[in-house]
Amino acid sequence: MKRGHLAILTRTDEAPGLPDRAEAVRVAEAILFAAPAPMSADEIAARLPQGADVAAVLADLRATYAGRGVNLVRVAGRWAFRTASDLAYVLARDAVEPRRLSRAAMETLAIIAYHQPVTRAEIEEIRGVATSKGTLDTLLETGWIRLRGRRRAPGRPVTYGTTPTFLDHFGLDAVGDLPGLDELKGAGLLEGRVPQELSVPIPSDDLALREDEAPLDDDLFAPLEIEAGEGGA
Amino acid sequence: MKRGHLAILTRTDEAPGLPDRAEAVRVAEAILFAAPAPMSADEIAARLPQGADVAAVLADLRATYAGRGVNLVRVAGRWAFRTASDLAYVLARDAVEPRRLSRAAMETLAIIAYHQPVTRAEIEEIRGVATSKGTLDTLLETGWIRLRGRRRAPGRPVTYGTTPTFLDHFGLDAVGDLPGLDELKGAGLLEGRVPQELSVPIPSDDLALREDEAPLDDDLFAPLEIEAGEGGA
Amino acid sequence: MAVALAFDEVEPRERAEGDPALLVDVDGFEGPLDLLLELARRQKVDLQRISILALAEQYLHFVEEARRLRLELAADYLVMAAWLAYLKSRLLLPEPPKSEEPSAADLATALALRLRRLEGIRTAAEELAARDRLGRDVFPRGAPEPIEVRSRPLWEASLFDLLSAYARQRQHQFNARVTLQKRRVWSLAEAREALERLIGTAGDWTALDAYLAAYVARPEQRATVLASALSASLEMVREGQLLLRQDAPFAPLYARSPAAEAPR
């Protein structure tokens, strides 16, 4: 709880060794409050006074805001202030109802999230029905899923995965935090039919492609059409 | 709608029987955080739990945030969270923009370097044209020149000299290392016979004032204005 | 592949009374697997211990019922029906000793796994949908304050620039040596000299300002030139060497030699 002029003093004649933790917390608080999007610890650290321990500062800040009307949360591996979820009832008035996804789209999204990287054929195998192009388009439009690459397999089908926006929207720090993931994994329900030896039954939204994935290359803008032919294969 | 650990928040002395003040504070905090624009007390009151004292809630919230990285402030009669004013700097990113000195500024700088300590009138005498205030301001902004003192002469004009930053930027060890006229001629920068009377004085950027210099004293912040008046005398 | 079933008849759907398990309402199902899963759920047992045989029978019964009602089932429902009929027969018949095909038990297990997988992902989808969602349950800062990009100049100048700027100045002075020395103060003597030259050349009234302008080398010299010229001219008038004329206060001053004839 220090005031401005004091803070300036601390910045200039900085005591050797311990930088002023309280000041660093204030700075992180200001940055995160102002930020239009979640920020990584590195981005925050770059703006803290020299020598500040960003992890400790964030832990402090998180503790300070726990139980308050606004909380510091980790989403998609980044940090952001969000209103406390139990206050949704007060804020719901402001809410622009997010587009309600159809059951089919929600299921498709879940399959992409839990089984990523996953191809359209694999999604269809799990759901037992064809996936309409509209469903994938809708999901791509939300910004929650993305085309990752191409499976190194006959037909080179496009692989789908989720985005950081997906994690942000659903308040997840990482895909490893998906609800019920452990149960699904434990029950052996994440193993695909496909390349047994390559399949790691853990979803990955890692930007790096897997061994069985190739880059999308230049047909990026027409993958759905190309993939459509593959359905029967 | 109360959370278990909310009790921690009840730091504000809550009178028994009144509606849960801490909860009202949380609600106000969340509403103000999520608000796209400053809100009036009435707008906030309309969303608080029934019977909550909006003035007291806002006072609480303001006190909680006083001295933090973010403050609750009144803007035009409305309430909003704003970055603490002393932390404005963390919300600004310095983009380094390379800029070149104007020819006039470069010439003025050169004269200051070679003839320091030098007054504005002396610079003008050498350059043969008036030196605009803007030129000296720009040079002061570069950090390469400084106001040294005042010449002990009628009008007490300010004397200019270079700074250590100047030496650093131009890779000079000392101002004495600036090449003389003969050397400039040798380098092909000057043509013709160097007139006898055109000798260059030995420049000095010594921090100690010369005998004919007086300290700047307390009119430090208006030296140019004062000097401007001296031209006509 | 049609996802929902179409009804080819306008007549209202008949419903088997009293037995919801046999309710022929394919409208809500997304394909045969979905239908199978629903049928399996109605067995009210853990999917891991489900009777695939019973499930196959229920499915086939369902398809029969649909046919009886002359509902047109999409092809994939029929494909599934054919496969389940095959599976059912395999399950009922004794397993042939060394078969190259997968055993009936394996097929049943595979089907059960598919159903469990679908059910698992459905549960996950529901849990996902029920999470606190951004913009619905939790909110970001409503008025983010964007980072302001302040441009800080990085002054660029080389030692060469500096030296050549200085040399340029000095060079200018080499060449300008012949011009008269610039002074901060124009002396009375200089003023008098200038005015005497004026008398010598101009027989007529001459505007003093315009004449003296030639002596003002720099703007800030104007004051000293005018002041000295005025003092000198007054002295010369007193001595009878100069005539001055001014038509009105602050109007231009004119000077001429008293020796010259007034043209008038």
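Please read all numbers here as calculations on a predicted model, not as lab measurements. Lettering follows sequence order; numbering is per chain, from 1.
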Tell me, side chain or backbone of [X] under 4.5 Å from chain C's heavy atoms, or both, or neither?
| X | value |
| --- | --- |
| A:A37 | neither |
| A:F81 | backbone |
| A:I31 | neither |
| A:I111 | both |
| A:A80 | neither |

Looking only at atom types and distance, does a side-chain atom of A:R148 sit under 3.5 Å from a main-chain N or O of A:V158, one as donor and one as acceptor?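 Such a contact is absent between A:R148 side chain and A:V158 backbone.
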Could you verify whether a donor N or O on one side chain and an acceptor N or O on the other, from [X] and [Y], lie under 3.5 Å apart?
| X | Y | value |
| --- | --- | --- |
| A:T138 | A:T135 | no |
| A:Q116 | A:S204 | no |
| A:D168 | A:T165 | no |

Which pairs count as salt bridge (Lys or Arg N to Asp or Glu O under 4.0 Å) when at least one residue sits in residues 103-116 of chain A, sequence neighbours excluded?
->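 Non-adjacent pairs meeting salt bridge (Lys or Arg N to Asp or Glu O under 4.0 Å): A:R103-A:E107, A:R103-C:D34, A:E107-A:R127, A:E107-C:R122.
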(request) Could you tell me how the ring of A:W144 sits relative to the ring of A:F170: parallel (under 30°), tilted (30 to 60°) or perpendicular (over 60°)? (result)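 Geometry flag for A:F170 against A:W144: perpendicular rings.
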Winner by heavy-atom pair count (cut-off under 4.5 Å) against chain A, out of [options]:
| options | value |
| --- | --- |
| C:I121, C:D137, C:D132, C:V138 | C:I121 |
| C:P140, C:G142, C:G120 | C:P140 |
| C:A124, C:A130, C:P32, C:A129 | C:A124 |

